[in-house]
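Have a look at the structure below before the remarks.
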Amino acid sequence: MRLNNEGLKDRKSWENAGYSLPEYDRETVTKATSENPFWIHFGAGNIFRAFQANVVQDLLNQGVLDRGLVVAEGYDYEIIQKMNHPHDDYSILVTLKANGTVEKTIIGSVVESLALDSDNAEQFQRLKEIFSADSLQMASFTITEKGYNLYGADGKFTPLVATDLAAGPEAPISYIGKVASLLYARFLAGEKPIAMVSMDNCSHNGDKLAAAIGAFADGWSRNGLADKDFESYIKTSGKVSFPWTMIDKITPRPDASIEALLKKDGVEELDPVITGKHTYVAPFVNAEECQYLVIEDNFPNGRPALEKGGLIFTTRETVDKVEKMKVCTCLNPLHTALAVFGCLMGYTLISEEMKNPSLKKLVEQIGYTEGLPVVVNPGILDPKEFLDTVLNVRIPNPFMPDTPQRIATDTSQKLAIRFGETIKAYAADPKLNVGDLKFIPLVFAGWLRYLMGVDDNGKAFTLSSDPRLQELTAIVSGISLGASTDVEAVLDNVLSDASIWGVDLKALGMDTIVCRYFQGLIAGPGAVAAVLNKYTS
Ligand SMILES: NC(=O)c1ccc[n+]([C@@H]2O[C@H](COP(=O)([O-])OP(=O)(O)OC[C@H]3O[C@@H](n4cnc5c(N)ncnc54)[C@H](O)[C@@H]3O)[C@@H](O)[C@H]2O)c1
Ligand SMILES: O=P(O)(O)OC[C@@H](O)[C@@H](O)[C@H](O)[C@H](O)CO
C-alpha cells in the first residue's frame with residue numbers, strides 16, 4: 001500500500017485495513033483549486049496536516065467545499081521535497097482518542113504544495129499567480145512564534161530582513177519579506193482583498209503578522225521600492241485584514257509507535273525525517289481528537305462556511321479571551337512546565353509525567369491556583385471545564401506520544417506569553433500579590449537549570465532547538481552540580497530581561513524566589529526531584 005495517486009487507486013486494500021478515504025473526486029477538486037484557489041496555508045508542518053487539512057477534507061466530503069488547500073513552505077523546503085511531492089500531497093492522519101481507539105484517515109485535501117523560495121522562479125511565479133487570483137480569500141500561517149520576528153537579539157533587523165528592506169519586493173529572502181512580496185503582487189493585480197490569518201500560538205497573533213508585513217510595506221513604500229499606496233493597502237484600506245485566532249489541538253511529532261502500526265497494515269515508504277532545519281515530519285501525523293480553532297470574523301474577500309467544519313467565528317474580544325485562557329493559563333503554561341522538568345528528569349512522554357505526583361501537583365497549582373484567578377471567562381468555552389479536561393483527559397492521555405522534548409523547543413520565545421501575562425495581571429490587580437506566585441517562578445528556575453544541559457542524574461542531554469540557545473546556555477555554562485555558586489551574580493542580567501519573561505523579574509521582586517529555587521536545583525544529582533517534592537507536597 002503506497003501513499004500516492006497510484007497506490008490509492010486500490011481503495012479496497014486501504015478500506016479493508018480500516019482507513020477512511022477521501023469521498024470526493026480529487027482530480028476535479030485539484031483542477032478547481034488550481035483555477036480558483038481560495039485558501040493558501042504557509043507552514044507545511046504537523047499541525048496543518050492534522051487540523052486545517054482535515055477540516056477541509058471533512059467539508060469536501062460533505063460537499064460544503066468544492067476546492068481544497070494549497071500549501072506553501074517558506075522555511076524548510078525539505079518538507080515539500082521529501083513528504084508532499086513524493087506522496088502527491090496525500091498524508092495519513094492518525095487520531096489517537098483518549099479511550100484508546102485509533103482513527104486512520106487518508107487526507108487528500110491538500111492539492112498543491114509549493115516552496116516559497118524566490119530562487120525557485122517557477123514556484124515563486126505560481127505563488128504570485130495564486131496571490132493575484134480574485135478567488136483567494138485567505139492565507140493562513142503556522143510558522144511558529146519566531147517566524148514573525150524581524151529582529152535579532154541586538155534589537156536590529158536581522159541581516160536577511162535588512163537586505164530585503166533595502167532591495168525591494170522582487171526577490172526577497174526573508175520569510176515575511178517573501179510573503180509581503182506576494183501581497184505586493186495582489187496589490188498590483190488590482191488591490192484585491194484578502195484575510196491574512198496567523199494560526200500560531202502567540203498572543204494577538206494577527207497583530208504580530210500585521211506588524212511584520214507592515215514593516216515591509218512601510219519600508220518599501222517609503223524608499224520608493226514599491227508603489228507608495230502599498231503601505232495604505234496593507235495598513236488602512238480595510239482590504240487586508242489580520243484576524244486574531246486561537247488554535248488548539250495537541251499534535252506531537254510523528255511517533256515510531258504509530259509508524260509501526262501503519263507498517264503492520266502494509267503501508268509502505270513511511271520513514272519519518274528530521275530535516276536539516278529540525279522539523280520532524282513523516283507521511284503520517286498523529287494527533288488528539290480534541291480541537292478548537294477560534295477566528296475573528298474579519299474576511300474582506302468573504303469566506304467559505306468553515307463553521308460547518310467546527311471552526312468558531314467570533315469577535316476579536318472573544319478570541320482574545322479564549323486565547324488568553326488557553327495559551328496563558330489553561331494549557332500551554334502547563335505544557336512548558338512539564339517540558340522543562342520532563343527533560344531534566346529523563347521523561348520522554350508527557351502522559352508518563354502526569355503519573356509523577358510532584359509534576360501533577362505542579363501543573364495543577366499553576367493552572368488552578370495561580371492561573372485561573374486572572375482568567376476572564378470567554379463565554380464560548382468555560383475555563384474551569386477546559387482546564388479540567390486538559391489536566392484529567394488530554395495531557396494524561398496514555399495513547400498520545402507527546403514528548404517534553406518537542407514542547408521544550410523555542411522555550412525562550414514562549415515564556416513571556418505562557419507565564420508573563422499572568423504575572424502582569426497579578427502586578428496590575430491591587431487585590432493580587434505577585435509574591436503569592438510560587439510555582440511559576442519554580443518553572444523559571446527549572447528552565448534555567450534545564451539550560452545547563454545536564455539532567456537530574458548529572459548526565460548530559462541534548463537541549464531542544466531554540467533561537468537563543470547559544471546566548472542563554474553561556475550564562476549557566478560555568479555551573480557544576482553541587483559546587484558553590486553565586487547564583488544571584490550569575491543570573492543577575494537574565495532575570496531582568498523582559499524579552500524572555502515578559503516582565504522584569506528583578507523589578508517585580510521575583511528574582512529572589514527564582515534564585516532560591518535555582519540554588520536548590522543545582523545542589524547535586526537528584527536535587528530537581530527533591531525540590532519539586534519539597535514544594536508540591
Ligand atoms: N503541534 C501542536 O500541538 C500545535 C497546536 C496548536 C498550535 N500550534 C502552532 O503551530 C506551530 C507549528 O507547529 P507544528 O506542529 O506544525 O510544528 P512543526 O515542527 O511540525 O512545523 C513547524 C513549521 O514552522 C516552520 N518554521 C519553523 N521555524 C520557522 C521560522 N523561523 N520561520 C518560518 N517558518 C518556520 C517549519 O518550516 C514548519 O512549516 C507551533 O509553533 C504553534 O504555534 C501547534
Ligand atoms: O507548538 P508550540 O511549540 O508553540 O508549543 C508546544 C505545545 O505546547 C503546543 O504545540 C501544544 O501542543 C498546542 O498548543 C496544543 O494546542
Side-chain angles (χ1 to χ4, degrees), residues 41-53 71-81 83-84 91 113 115-117 140-150 158 160-161 173-179 198-203 205 208-209 212 245-254 272-282 285-288 290-294 322-323 325-328 330-340 342 350 363 386 389-390 394-395 397 400-415 417-418 464-467:
H41 183 84
F42 292 86
N46 290 303
I47 183 75
F48 165 71
R49 290 157 186 265
F51 198 163
Q52 292 89 338
V71 71
E73 177 55 55
Y75 177 74
D76 193 344
Y77 311 133
E78 253 185 279
I79 304 178
I80 300 292
Q81 290 155 5
M83 290 301 149
N84 288 67
S91 58
S113 51
L116 170 63
D117 174 7
S140 56
F141 298 79
T142 47
I143 58 171
T144 77
E145 289 90 326
K146 63 188 178 300
Y148 305 91
N149 187 15
L150 305 186
T158 64
L160 292 190
V161 171
I173 43 180
S174 68
Y175 202 112
I176 299 292
K178 291 184 280 189
V179 176
S198 167
M199 296 180 176
D200 273 296
N201 271 334
C202 30
S203 188
N205 47 16
K208 279 213 161 184
L209 179 59
T245 68
M246 183 285 264
I247 184 165
D248 184 18
K249 181 177 182 100
I250 300 177
T251 306
R253 291 167 176 163
V273 162
I274 304 173
T275 67
K277 293 201 159 174
H278 298 292
T279 317
Y280 291 66
V281 273
V285 61
N286 33 239
E288 66 173 343
C290 177
Q291 58 184 35
Y292 301 99
L293 182 43
V294 184
V322 89
E323 179 262 324
M325 179 198 80
K326 183 242 174 185
V327 181
C328 308
C330 296
L331 196 156
N332 296 98
L334 319 182
H335 251 180
T336 291
L338 292 171
V340 165
I350 290 289
V363 288
F386 185 91
T389 313
V390 166
R394 298 177 63 189
I395 298 184
N397 178 350
M400 279 282 286
D402 206 7
T403 65
Q405 291 74 21
R406 170 186 83 90
I407 299 166
T409 305
D410 298 345
T411 300
S412 71
Q413 311 293 296
K414 299 174 183 166
L415 292 169
I417 172 68
R418 296 185 178 197
S464 302
S465 65
D466 187 311

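In this chain, numbering begins with 1 at the start of the sequence shown. Numbering of ligands and ligand atoms starts at 1, following listing order. The model shown is predicted, which means the values in this text are computed figures rather than measured ones.
Looking at residues two or more places apart in sequence or on another chain, you find a side-chain contact (heavy atoms from CB on, under 4.5 Å) between A408 and A339, C343, T411, Y450, S464. Applying the side chain to side chain donor-acceptor pair (under 3.5 Å) criterion to E145, with sequence neighbours excluded, gives no partner residue.
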Per-pair distances, ligand 2 N/O vs protein N/O, less than 3.5 Å:
from, atom 1, to, atom 2, distance (Å)
ligand 2, 3 (O), K414, NZ, 2.9
ligand 2, 4 (O), E145, OE2, 3.4
ligand 2, 4 (O), N201, ND2, 3.2
ligand 2, 4 (O), R418, NH2, 3.2
ligand 2, 5 (O), K414, NZ, 3.4
ligand 2, 5 (O), R418, NH2, 2.8
ligand 2, 8 (O), N332, ND2, 3.2
ligand 2, 8 (O), H335, ND1, 2.8
ligand 2, 8 (O), R418, NH1, 3.1
ligand 2, 8 (O), R418, NH2, 3.4
ligand 2, 10 (O), R406, NH1, 2.9
ligand 2, 12 (O), R406, NH2, 2.8
ligand 2, 14 (O), N201, ND2, 2.9
ligand 2, 14 (O), K326, NZ, 2.7
ligand 2, 14 (O), N332, ND2, 2.9
ligand 2, 16 (O), D248, OD1, 2.5
ligand 2, 16 (O), K249, N, 3.0
ligand 2, 16 (O), K326, NZ, 3.1

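Side-chain contact check for K326 versus N201: some heavy-atom pair is nearer than 4.5 Å. Looking only at side-chain heavy atoms (C-beta outward), E323 and I417 come within less than 4.5 Å of each other. Side chains of Y280 and P254 form a contact here, defined as non-hydrogen atoms less than 4.5 Å apart.
Contact check on R406 versus D402 returns a salt bridge, with a Lys/Arg side-chain nitrogen under 4.0 Å from an Asp/Glu carboxylate oxygen.
Just one residue in the list I274, T275, V281 forms a side-chain contact (heavy atoms from CB on, under 4.5 Å) with E78, and that residue is T275. Screening L338, L334, N397 for a side-chain contact (heavy atoms from CB on, under 4.5 Å) with I350, the sole residue that qualifies is L338.
Classified by interplanar angle (parallel below 30°, tilted 30° to 60°, perpendicular above 60°), the ring pair F42/Y175 is perpendicular.
Residues with a heavy atom under 4.0 Å from ligand 1: G43, A44, G45, N46, I47, E73, Y75, D76, I79, T142, I143, T144, E145, K146, G147, Y175, D200, N201, I247, K249, I250, T251, T279, R406.
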